[in-house]
Undergrad: 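Below you'll find the structure I mean.
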Amino acid sequence: MTRIAFIGLGNMGGGMAARHVAGGREVNAFDLSEAAVKKVVAAGAFEAGSVANAVEKADVVITMLPAGPHVRKVYDEQILPNAPKTALLIDCSTIDVDSARAVASQARAAGFRFADAPVSGGTAAAEAGTLAFMVGCDEVDFADVEEALKPMARVVIRAGDHGAGQAAKICNNMLLGISMIGTCEAFALAERLGLAADRFFEIASKSSGQCWSLTTYAPWPGVGPQTASDRNYEGGFAANMMLKDLKLAQEAAARAGATTPLGAQSEAIYQLFDRLGYGGKDFSGILQMLRGELSKLKA
Ligand code: NAD
């Protein structure tokens with residue numbers, strides 16, 4: 001039976017670890033939060049007690065941690081000194097490209113195979129095992145990475161070498177942030193022009209303005225498929241998570257010398273939404289700020 005060490009059992013990692021249990025794998029789980037560990041143990045995982053214990057006999061080590069510094073520290077101090085060299089190491093957190101490349105170099109220098117494999121899809125996809133993975137790894141390792149990720153995945157795509165998975169994730173989410181704000185602005189303008197939201201939705205969905213933020217994730221309640229906007233912007237993809245990804249994109253753009261003015265503007269808009277106290281709301285809640293109807297959202 002494949003032995004998985006799963007480190008980081010938060011909103012995403014908890015559901016992801018449970019998918020491995022459901023897929024018939026042995027999961028040795030660790031998180032700093034006891035409550036998070038308890039949930040996964042209730043789903044059938046073993047409580048490892050420490051990262052060292054979790055990785056000791058692992059075939060695959062998966063991390064799902066908040067940010068780059070957490071990943072660097074856990075790899076440097078706990079995973080690399082304690083995992084068997086045969087273990088395949090996969091970081092699924094969303095982190096900066098530099099940290100992903102630094103951890104990859106360190107892991108390879110220590111004799112390990114490593115992949116950065118951030119995900120698209122929120123907690124519902126984590127629980128359902130329908131995440132999309134964007135992978136940066138050596139080509140020769142990809143088949144094993146894909147097999148390891150299978151219980152959690154709808155699709156696994158190799159983006160390129162180490163760091164390319166993170167690059168794909170921040171480029172995708174910068175595009176999503178920009179397109180969601182554009183969609184919200186269009187609904188707000190349509191309203192001021194006296195155009196009914198459902199009419200605008202139907203027309204733009206079949207015209208050149210069509211995009212995922214409109215057709216699949218409409219920010220206007222009551223039009224299109226059920227989304228977070230129909231639940232007063234609860235659940236879904238939190239605006240402060242979008243802000244995190246937009247910050248990563250701007251940091252990467254500054255370092256790489258890329259020109260991303262709309263990305264910068266999107267970061268500023270989400271920063272404002274967050275400072276106003278709505279960072280926990282779904283990222284499509286920006287609509288209500290643009291309409292001047294923030295009072296409709298309870299902070
Ligand atoms: P979270 O804060 O709910 O979970 C992170 C977990 O890591 C926490 O339970 C925390 O206790 C644990 N942790 C921190 N340091 C640790 C350490 N040293 N050892 C062990 N455990 C430690 O965050 P999340 O929403 O699950 O997100 C995790 C990652 O996935 C982030 O990088 C995020 O950007 C990314 N992501 C999140 C979503 C989403 O919708 N929530 C979607 C896609 C990607």
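In each ligand, atom 1 is the first atom listed, and ligand 1 is the first ligand listed. Just so it is clear, the model here is predicted, and its values are computed rather than measured.
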Undergrad: Could you tell me whether the side chain of T183 and the main chain of S179 form a donor-acceptor pair under 3.5 Å?
TA: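 Answer holds: yes.
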Undergrad: If we set the cut-off at 4.0 Å for heavy atoms, which region of K244 has an atom near ligand 1: side chain, backbone, both, or neither?
TA: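 It is the side chain that gets close, since no backbone atom is under 4.0 Å.
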Undergrad: Which heavy atom in V61 sits nearest to a heavy atom in A87, and how many Å separate them?
TA: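 V61 and A87 have their closest heavy atoms at CG2-CB, 4.4 Å.
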Undergrad: Is the backbone of A218 close enough, under 3.5 Å, to the side chain of S284 for a donor and an acceptor to pair up by distance?
TA: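 Pair absent, no side-chain N/O of S284 close to backbone of A218.
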Undergrad: Looking only at distance, does N11 have an N or O less than 3.5 Å from an N or O of ligand 1?
TA: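 Indeed, backbone or side chain, N11 has an N or O that close.
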Undergrad: Which atoms from ligand 1 have a heavy atom of V119 less than 4.0 Å away?
TA: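 Counting from 1, the qualifying ligand atoms are 43 (C), 44 (C).
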Undergrad: With respect to atom 42 (C) of ligand 1, which of S33, G121, G235 exhibits the smallest heavy-atom separation?
TA: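 Comparing heavy atoms across S33, G121, G235, the nearest one to atom 42 (C) of ligand 1 lies in G121.
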Undergrad: Considering only the protein, which heavy-atom contact is closest to atom 30 (O) of ligand 1, and what is its distance?
TA: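 Looking only at protein heavy atoms, the one closest to atom 30 (O) of ligand 1 is M64 CE, 3.0 Å.
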Undergrad: To check your reading of the model: name the closest protein heavy atom to atom 4 (O) of ligand 1, its residue, and the distance in Å.
TA: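 Going atom by atom, the protein heavy atom closest to atom 4 (O) of ligand 1 ends up being G10 CA, 3.3 Å.
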Undergrad: Counting non-hydrogen protein atoms only, what is the nearest one to atom 33 (C) of ligand 1? Give residue, atom name and distance.
TA: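 Among all protein heavy atoms, the one nearest atom 33 (C) of ligand 1 is M241 CE, 3.3 Å.
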Undergrad: How close does the nearest protein non-hydrogen atom get to atom 18 (N) of ligand 1, and which residue and atom is it?
TA: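 It is V74 CG2, 3.4 Å.
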Undergrad: Looking only at heavy atoms, which two atoms of G236 and Y217 are closest? And how far apart?
TA: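 Nearest pair, atom of G236 first, then Y217: CA-OH, 3.5 Å.
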Undergrad: Say whether, by atom type as modelled, one donor and one acceptor occur between the side chain of K244 and the main chain of P66 under 3.5 angstrom.
TA: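 At least one qualifying donor-acceptor pair exists.
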Undergrad: Give the contacting part of I95 toward ligand 1: side chain, backbone, both or neither, where contact means a heavy-atom distance below 4.0 Å.
TA: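 For I95, no heavy atom sits under 4.0 Å from ligand 1.
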Undergrad: Is it the case that the side chain of K85 and the backbone of A110 share a donor-acceptor pair, with hydrogens and angles ignored and the cut-off at 3.5 Å?
TA: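 The answer is yes, because a donor-acceptor pair under 3.5 Å joins these two groups.
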Undergrad: Taking 4.0 angstrom as the limit and counting only heavy atoms of G122, give me the atoms of ligand 1 inside it, by number and element.
TA: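 Matching atoms, with element in brackets: 40 (O).
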Undergrad: Tell me which one of I7, D31, L65 gets a heavy atom nearest to atom 11 (O) of ligand 1.
TA: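 Heavy atom nearest to atom 11 (O) of ligand 1 belongs to D31.
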Undergrad: Between K281 (side chain only) and A238 (backbone N and O only), is there a donor and an acceptor less than 3.5 Å apart?
TA: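 Side chain of K281 to backbone of A238, a donor-acceptor pair under 3.5 Å: no, none is there.
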Undergrad: Does any N/O atom on P66 come nearer than 3.5 Å to any N/O atom on ligand 1?
TA: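 In this structure, P66 places an N or O atom under 3.5 Å from an N or O of ligand 1.
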Undergrad: Report yes if some N/O of K169 lies less than 3.5 Å from some N/O of ligand 1; otherwise report no.
TA: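 In fact, backbone or side chain, K169 has no N or O that close.
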Undergrad: Where is the nearest protein heavy atom to atom 41 (N) of ligand 1: which residue, which atom, and how far?
TA: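 Of every protein heavy atom, M12 CG, 3.5 Å lies nearest to atom 41 (N) of ligand 1.
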Undergrad: Could you check whether atom CD of Q78 has more than 12 heavy atoms from other residues, nucleotides or ligands sitting under 6.0 Å from it?
TA: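 Atom CD in Q78 is packed in, count exceeds 12.
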Undergrad: Would atom 2 (O) of ligand 1 count as contacted, meaning some protein heavy atom under 4.0 Å?
TA: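 Within 4.0 Å of atom 2 (O) of ligand 1, no protein heavy atoms are found.
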Undergrad: Is it the case that the side chains of Y278 and Q288 hold a donor-acceptor pair, with the cut-off being a distance below 3.5 Å and no angle test?
TA: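 Their side chains do not contain a donor-acceptor pair, so the 3.5 Å distance test is not met.
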Undergrad: How would you list, by chain and number, every residue that makes a side chain to side chain contact (heavy atoms under 4.5 Å, CB included) with H162, sequence neighbours excluded?
TA: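 For H162 the side chain to side chain contact (heavy atoms under 4.5 Å, CB included) partners, ignoring immediate neighbours, are A104, R108, F114, D116, D138.
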Undergrad: Report the nearest protein non-hydrogen atom to atom 21 (N) of ligand 1: residue, atom name, distance rounded to 0.1 Å.
TA: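 Protein heavy atom at minimum distance: L32 N, 3.5 Å.
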Undergrad: Counting each atom of ligand 1 from 1 as listed, which ones have a heavy atom of F30 under 4.0 Å away?
TA: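 Here the atoms of ligand 1 in question are 19 (N), 20 (C).
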Undergrad: Between R25 (side chain only) and A148 (backbone N and O only), is there a donor and an acceptor less than 3.5 Å apart?
TA: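 Between the backbone of A148 and the side chain of R25 there is a qualifying donor-acceptor contact (under 3.5 Å).
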Undergrad: Is there a nitrogen or oxygen of T94 sitting under 3.5 Å from a nitrogen or oxygen of ligand 1?
TA: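 Yes, T94 has an N/O under 3.5 Å of an N/O on ligand 1.
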Undergrad: Does any N or O in the side chain of H20 come within less than 3.5 Å of the main-chain N or O of A17, such that one atom is a donor and the other an acceptor?
TA: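 No.
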Undergrad: Taking only heavy atoms of S93 into account, list the atoms of ligand 1 that are under 4.0 Å away from them.
TA: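 Within the 4.0 Å cut-off of S93, ligand 1 contributes 32 (O).
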